Structures are given as structure tokens and as C-alpha cells.
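Below: one structure, written as C-alpha cells.
Being a predicted model, the structure only gives us computed values, none of them experimental. Heavy atoms only: backbone and side chains are in, while hydrogens, waters and symmetry mates are out.
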Amino acid sequence: MTNEAKSIPLTNCKVIALRDVNEAIAAGATRLIVPENCVITPSARDLIEQRHLTLERCGSCETSTTALAPAVASSTPALAPVAGVGGLPAPNARLYSTPEAEAIKREICTVGKKLWMRAFVDGNGGNISYRIGPNEVLCTPTLLSKFDLTPEDICLVDLNGNQIAGRRPRTSEILMHLEVYKHVPEAKSVVHCHPPHATAYAITGKVPPNMIIPEFEVFVGKVALSPYKTPGTPEFAQTVIPYVRQHNTVLLANHGILCWADTVMHAEWYAEVLDTYCWTLMNATQLGVPISYISEQQGADLLALKKKLGLPDARFDPERMKECQLSDLQMPNAIAVTPAPCDGVNMTPRAGSAAEVEGIVQSVTDAVMAALGAK
């Protein structure tokens with residue numbers, strides 16, 4: 001016996017959200033009729049693909065081509081097997097219920113609560129993942145507060161973003177995590193969040209200077225700034241590719257931060273270290289005295305310790321050291337610098353315009369004259 005197709009019109013919606021799709025599914029929909037130029041959110045599109053729904057746009061039909069089976073009841077979290085793609089082995093859905101996975105799920109929930117309690121995430125913001133196998137990644141779901149996470153909410157996806165197990169749809173921003181795993185074999189966990197002080201740098205196009213606090217130099221160090229793209233899209237995911245080999249922490253322009261490490265807890269630590277550092281620099285400017293820097297020799301000792309711990313840093317590459325010194329050339333009291341552009345291979349300083357150079361000269365002149373006037 002075959003089920004008769006049922007069409008649900010969503011023609012009054014300019015934006016198709018996850019809630020709209022869920023309501024249509026509850027009404028028995030197998031086909032959604034949507035406006036030609038409507039926007040479908042990433043989480044809504046994921047659910048459409050998981051349920052093999054047909055999209056009809058003003059008379060022309062688009063049928064999902066995903067290999068996923070329709071979503072199943074939460075009592076049976078594993079979905080139908082997905083074949084391996086791009087040389088990867090077929091994902092193993094059984095990993096979802098192993099003792100190792102259960103321990104990682106609990107750790108993800110613990111870290112989620114830490115992020116929420118430190119105000120690093122709000123609403124359903126932020127996401128956490130852990131690579132548990134060669135083609136298997138545990139991650140947080142979409143549209144759920146990190147404070148409210150339970151182990152049963154965690155999803156299992158493959159490195160192409162296909163959901164393998166889990167009762168909730170996976171986060172649309174998992175694609176960025178997957179780019180880290182693909183380009184950094186050492187990465188086991190990725191945390192994305194929106195800590196306010198670090199995000200303040202991200203929305204101004206600046207990064208914090210270096211060689212001021214030892215712990216920051218060892219665990220984070222040089223921070224990259226990736227360009228803005230719409231969150232949840234493949235283009236957004238690809239913005240971090242040039243940076244992840246040389247950095248474990250990236251500022252996401254006008255968005256937040258991304259950290260990776262060998263464990264979920266360590267990735268969250270780096271977020272704490274970065275935000276506290278940014279906060280401390282902001283507080284220091286209120287004291288009205290110049291910031292003191294760690295010397296180049298002392299900084300070299302810190303980098304040697306960092307290298308021994310196996311942590312990445314752009315300053316380890318001798319070919320890039322000319323444009324990427326231990327400390328940043330700073331004007332007095334400055335707590336932010338413009339990051340050098342990066343293409344994944346070279347870091348070359350951006351040539352300043354005549355107006356920018358003139359502005360810097362004028363700022364230095366004003367600072368000197370003010371200092372002389374104070375004596």
C-alpha cells in the first residue's frame with residue numbers, strides 16, 4: 001500500500017523556517033508549495049532533506065537528493081546508512097551509542113552549560129562538536145539553548161554534513177566545524193560561541209595585540225580574523241580554511257569566535273582565555289597609563305613552551321616571521337591591531353593608503369605633544 005502524496009501550501013511565507021516545515025510535517029505533508037523567491041533557512045532545508053519532502057516552487061518541483069532516510073522516532077536514533085563520499089569510509093551509526101560517545105555527549109552538555117553561564121552564548125546561539133571517528137562527528141542540534149542540552153539531544157553527522165543519528169536536526173553551522181576537521185587532523189573538538197569582549201573585536205575588524213599576558217600567548221597567541229559570510233552557508237564554512245592550520249582560535253567577522261582543540265573542554269578553555277584577555281585589555285585602557293609588553297626574548301621562551309605543548313602558532317613558520325613578529329608594533333595604549341591578510345600560505349601586510357599613513361602620523365604627533373604638554 002502506498003501513501004498518497006499530500007501538498008501543503010506555504011505560499012504566504014517569504015521565509016520558510018524550521019517551525020513552518022515541522023507544522024507541515026505534522027499535517028502529513030509530503031510536498032511543500034512555496035513562493036519562487038522565498039528564503040529557506042538552513043535548518044528548515046535540512047529537515048526537508050531528512051524527510052525527503054518535495055519542494056514545488058510556482059509550478060516547478062525540486063526534489064531533495066540527500067541520501068538520508070526520513071527522520072525516525074527518538075526511541076530509534078540511528079538513521080539509514082549513508083555511503084562514504086570523497087574517499088571517506090561509510091559512517092558508522094553504531095558509534096552514536098558506544099560508551100565513548102555517551103561520555104563525549106555528557107562533556108558537550110557540560111561545556112554547553114559553561115558557555116551559557118559565562119554569557120558566551122544566548123538564545124540558541126553557539127555550537128559544539130567532537131570528531132569521534134574518521135567520518136563521524138558528534139554535534140549539538142539546532143534551535144536549542146546550550147544550557148538545556150541533554151545527551152539525548154546530541155546528533156551524529158558525517159564529514160559531509162549528513163545526519164546519521166539523533167532525534168533533533170543538527171546545527172546548520174556544523175559545516176564550519178567540518179572544515180576544521182578536514183584541514184586539521186589533530187583537531188578533535190570545535191567550539192563556536194559569541195563571547196562579548198572577543199566579539200567586540202570581531203565587529204570592529206581588529207584583533208588583540210600580543211606579548212602582554214603569558215597564558216594567552218601559550219594557549220591562544222596570534223588570533224586570525226576571517227571575513228563575514230552568512231552563517232550556516234558553505235561560503236561561511238570556507239572562510240576559516242586559510243587560518244585553521246596556523247591558529248587554534250579565529251575571530252569571525254561580525255559574528256563570534258571559533259576554537260579547536262584535542263578535547264571539548266580544552267576548546268572551551270581557549271574561548272575563556274581569549275575573552276578574558278580581550279576584557280582585560282579593555283579594562284587596562286581605563287587606567288590611563290601605557291600597557292607594558294613582554295620582551296622579545298621572554299616571548300621566545302613562551303613560544304618554545306607552546307611548541308612543546310603541540311599548539312599551533314603562525315610565528316612558528318620562519319618564512320612568515322618577517323610579517324608576523326612576536327609582538328605587534330603599537331601606538332601608545334593601543335589594545336587592537338588590524339590583522340595582516342592571509343591566503344593560507346603567505347601573510348603580507350596590507351599597504352596603507354596615503355590617508356591612513358597621514359592619520360597614523362597625526363595620531364603619533366598628537367600623543368607626543370600631549371605628553372610634552374603634561375610635563
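Ionic pairing of K105 and E100 is not present here: no N-O contact between side-chain nitrogen and carboxylate oxygen is shorter than 4.0 angstrom. With respect to the salt-bridge test (charged N to carboxylate O, under 4.0 angstrom), the residues R118 and E272 qualify. Between D313 and K222 there is no salt bridge, since none of the side-chain N atoms of the basic residue sits less than 4.0 Å from a carboxylate O of the acidic one.
To the nearest 0.5 angstrom, L159 atom CG is 4.5 Å from N135 atom CG. L10 contributes atom CG, which lies 8.5 Å from atom CD1 of I33 (distance to the nearest 0.5 angstrom). Expressed to the nearest 0.5 Å, how far CZ of R167 lies from CD1 of I154 amounts to 10.0 Å. Of the inter-residue distances, the one linking I241 atom CD1 with M176 atom CE reads 9.0 Å to the nearest 0.5 angstrom. Expressed to the nearest 0.5 Å, how far CD of E173 lies from CG of L258 amounts to 9.5 Å. To the nearest 0.5 angstrom, C259 atom SG is 10.0 Å from D275 atom CG.
Taking each heavy atom of E179 and A237 in turn, the nearest pair found is CG-O, 3.7 Å. I128 and I108 make their closest contact through CD1-O, 3.7 Å (heavy atoms, listed as atom of the first residue, atom of the second, distance). Of all non-hydrogen atoms in G161 and L178, the two that sit nearest each other are N-CD1, 3.4 Å. Annotation for L281 and P209: closest pair CD1-CD, 3.7 Å, computed over non-hydrogen atoms. Minimum heavy-atom separation, I212 to S292: CG2-O, 4.1 Å. Nearest approach of V337 to P208, heavy atoms of both residues: CG2-O, 4.4 Å.
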Trace of the ring-ring contact (aromatic ring centres under 6.0 Å, His included) decision for H192 with H177: CA-CA 8 Å; H192 163 55; H177 297 232; 7.1 Å; no
Candidate pair E136 and N92, rule side-chain hydrogen bond (donor to acceptor under 3.5 Å, both in side chains), full reasoning: CA-CA 7 Å; E136 298 87 10; N92 181 5; 5.7 Å; no
Worked check of side-chain hydrogen bond (donor to acceptor under 3.5 Å, both in side chains) between T263 and K188: CA-CA 6 Å; T263 70; K188 294 289 286 182; over 6 Å; no
Trace of the ring-ring contact (aromatic ring centres under 6.0 Å, His included) decision for H197 with Y277: CA-CA 9 Å; H197 305 93; Y277 184 68; over 10 Å; no
Verdict with supporting geometry, Y228 and T239, side-chain hydrogen bond (donor to acceptor under 3.5 Å, both in side chains): CA-CA 8 Å; Y228 178 83; T239 60; over 6 Å; no
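Between the side chains of N283 and T280, no donor-acceptor pair of N or O atoms lies under 3.5 Å. Under the 3.5 Å distance criterion, with hydrogens and angles disregarded, no donor-acceptor pair is assigned to the side chains of S295 and Q297.
Taking the ring axis of F316 as reference, the NZ or CZ atom of K307 stays within 45° of it and closer than 6.0 Å to the ring centre. With a 6.0 Å cutoff to the six-membered ring centre and a 45° limit on the axis angle, K113 counts as a cation-pi contact of F147.
Using a distance-only test at 3.5 Å, with no hydrogens or angles considered, no donor-acceptor pair links the side chain of R170 to the main chain of T140. With N127 contributing its side chain and C139 its backbone, the two residues share no donor-acceptor pair below 3.5 Å.
Other residues, nucleotides and ligands contribute more than 12 heavy atoms inside 6.0 Å of the CZ atom of F236. Around the NZ atom of K182, the shell of radius 6.0 Å holds more than 12 heavy atoms that belong to other residues, nucleotides or ligands.
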